[in-house]
Amino acid sequence: YVYFRTMLELFTRYGLRKFIVVVPSIAILEGVKKAFATMKAHFASLYGNTNFSRIEFDGDRLGDLRSFASNPFPTVLFMTLQSFNRASNTIYKSTESLPGERKPFEWIQAVRPIIVLDEPQNMTSDKSMQAVRTLKPLFVLHYSATHRREHEPNLVYKLTPMEAFRGGLVKQIEVIGIADLSGVAANLLQLEEIVRLPGRGKAAISARVRAITLKDGISKIEVLTLKQGDDLYAKTKLEEHKGFVVKKIALASNDEPNRVIFENEIKITSSDEVIGSRVDVWKAQIERTLETHFKRQAQLEKHGIKVLSLFFIDRVANYTTEPGTIRKLFDESFNCLKKDYPSFAAFAANEVRAGYFAKKKAKKGSSDEIVDDATNENPTEKEAKEAFKLIMQDKERLLGFSSPVSFILAPRALK
């Protein structure tokens, strides 16, 4: 919203007409396109009919760059960084789609566009910055809530998260911790690797261990570094880990794998199978999320509000391919709990969930971008496209009760 409005201000005040929005991924690109369309009527009420148009860069439609350069009305070009950050990109090659001898990127250079970087903290490498400079922008604007540098040069405006919360501009976050896992915490103790610092002898050996930790009533899985004599309980604060003081850390030898032995004589090795305990944790998280979702939906349905729950998963394979552990856990939990909630009782599990994932797909003759895809269980290409459209483009339907999809699974980090 802020940078679209900034563009309109620059146009109405100074007559500046050429803008490029650069995003780090297809997912963000889809969100930006949707926002532009959704906000158009609102901005028309503020600025009148500006004839502001948008063009999405496509390596197969390079002729659109001529429209971008020659259009007398304000125009914004949407691009992913991947479409112009390599010398092999089609934007740097001669094409018959454009008249004259100019290459595609030179049509952009000629109009000296204003470039907006959406989430610039994901585009801070020298290579990325050089690619932006190649387009010869008049100037570049950075828009982010999480700038990598604490003090950005030429700072125009700053709104901190606390200021936004106090001003009622954002919602409060509620955190539900799963602290009581009925002994799972003791079982979820996995040796990831043993590290030895060179030149320091046997004393400089440590173990990286995956375990559940508890802080302020919130439990989470962390990778901890343990040395000889370390007390695991001091690091995790879990009662189940009392007595887990490191007695010995040993590298693989004599047919024995890497291992850590505690003073209570419990031993963990690099060959231990811990999938069962991980599944217990996943099951607890999924069940708690479903219960919370069902109850929240029951409260809000009378107001016409649909609830969505988003799961971030560790690996795509744990959902899409056999045995599809996360998918199966979700389906089992949903089918078990739905009978107590009339809004969901009539639906099958695969009707209320959809997955959003990404896969690399080299587009022939184009920019070789990462192309996002969405999937349900073993989807056909048609189903994948429908899920992608629902999640990324048709948000009004997703947020309405005409679509039963209420749970979205994706492998993306919070950024």
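Residue numbers run from 1 in the order of the sequence given.
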Original post:
So with a 6.0 Å cut-off around CZ of R112, is the heavy-atom count from everything else above 12?
Top reply: yes

Subject >> K395, NZ: over 12 other non-hydrogen atoms inside 6.0 angstrom >> reply: yes

Original post:
Is a side-chain donor or acceptor of S333 paired with a backbone partner of F330 at a separation under 3.5 angstrom?
Top reply: no

**OP:** Please confirm whether the backbone N or O of Y233 pairs with a side-chain atom of D231, one donor and one acceptor, at under 3.5 Å?
**Re:** yes

Subject >> E163/R166 salt bridge by N-O under 4.0 Å criterion >> reply: no

**OP:** Name all pairs fulfilling the ring pair (Phe, Tyr, Trp, His ring centres under 6.0 Å) condition that reach into residues 105-133, sequence neighbours left out, sorted by first residue then second.
**Re:** Y92-F105

Original post:
Who passes side chain to side chain contact (heavy atoms under 4.5 Å, CB included) against Q130, sequence neighbours left out?
Top reply: R133, T134

**OP:** Give a yes or no on whether the backbone of V405 and the side-chain of K306 come within a donor-acceptor separation of less than 3.5 Å.
**Re:** yes

Original post:
Is NZ or CZ of K40 both nearer than 6.0 Å to the six-membered ring centre of F52 and within 45° of the ring axis?
Top reply: no

Original post:
I212 versus T236: any side-chain heavy-atom pair under 4.5 Å?
Top reply: no

Original post:
Salt-bridged, K34 to E396, with N to O below 4.0 Å?
Top reply: yes

Subject >> Pairing residues for R54 by the salt bridge (charged side-chain N to carboxylate O under 4.0 Å, His left out) criterion, not counting sequence neighbours >> reply: none

Subject >> Any residue meeting side-chain hydrogen bond (donor to acceptor under 3.5 Å, both in side chains) with N71, in chain and number order, not counting sequence neighbours >> reply: S53, T75

Subject >> side-chain hydrogen bond (donor to acceptor under 3.5 Å, both in side chains) evaluation trace for S343 with Q297 >> reply: CA-CA 8 Å; S343 298; Q297 184 62 78; over 6 Å; no

Original post:
Can you tell me if OH on Y1 sees more than 12 non-hydrogen neighbours from other groups inside 6.0 Å?
Top reply: yes

**OP:** Verify, without hydrogens or angle tests, whether R259 (side chain) and T269 (backbone) share a donor-acceptor contact under 3.5 angstrom.
**Re:** no

**OP:** Report yes if the side chains of T325 and L329 come closer than 4.5 Å at any heavy-atom pair, otherwise no.
**Re:** yes

Original post:
L251: what forms a side chain to side chain contact (heavy atoms under 4.5 Å, CB included) with it, not counting sequence neighbours?
Top reply: I194, R196, I205, N258

Subject >> Candidate pair F294 and F334, rule side-chain contact (heavy atoms from CB on, under 4.5 Å), full reasoning >> reply: CA-CA 10 Å; F294 291 159; F334 178 83; 3.7 Å; yes

Subject >> Neighbour count >12 (heavy atoms, 6.0 Å) for atom CZ, R66 >> reply: no

Original post:
When you look at CG of D126, are more than 12 heavy atoms from neighbouring residues, nucleotides or ligands closer to it than 6.0 Å?
Top reply: no

Subject >> Interatomic distance, F311 atom CZ to T289 atom OG1 [nearest 0.5 angstrom] >> reply: 4.5 Å

Original post:
With sequence neighbours left out, what residues match R61 under side chain to side chain contact (heavy atoms under 4.5 Å, CB included)?
Top reply: D58, D64

**OP:** Test side-chain contact (heavy atoms from CB on, under 4.5 Å) on F244 and I268 and set out the steps.
**Re:** CA-CA 11 Å; F244 281 73; I268 57 173; over 6 Å; no

Original post:
Would you call the rings of H293 and F407 parallel, tilted or perpendicular, where under 30° means parallel and over 60° means perpendicular?
Top reply: tilted

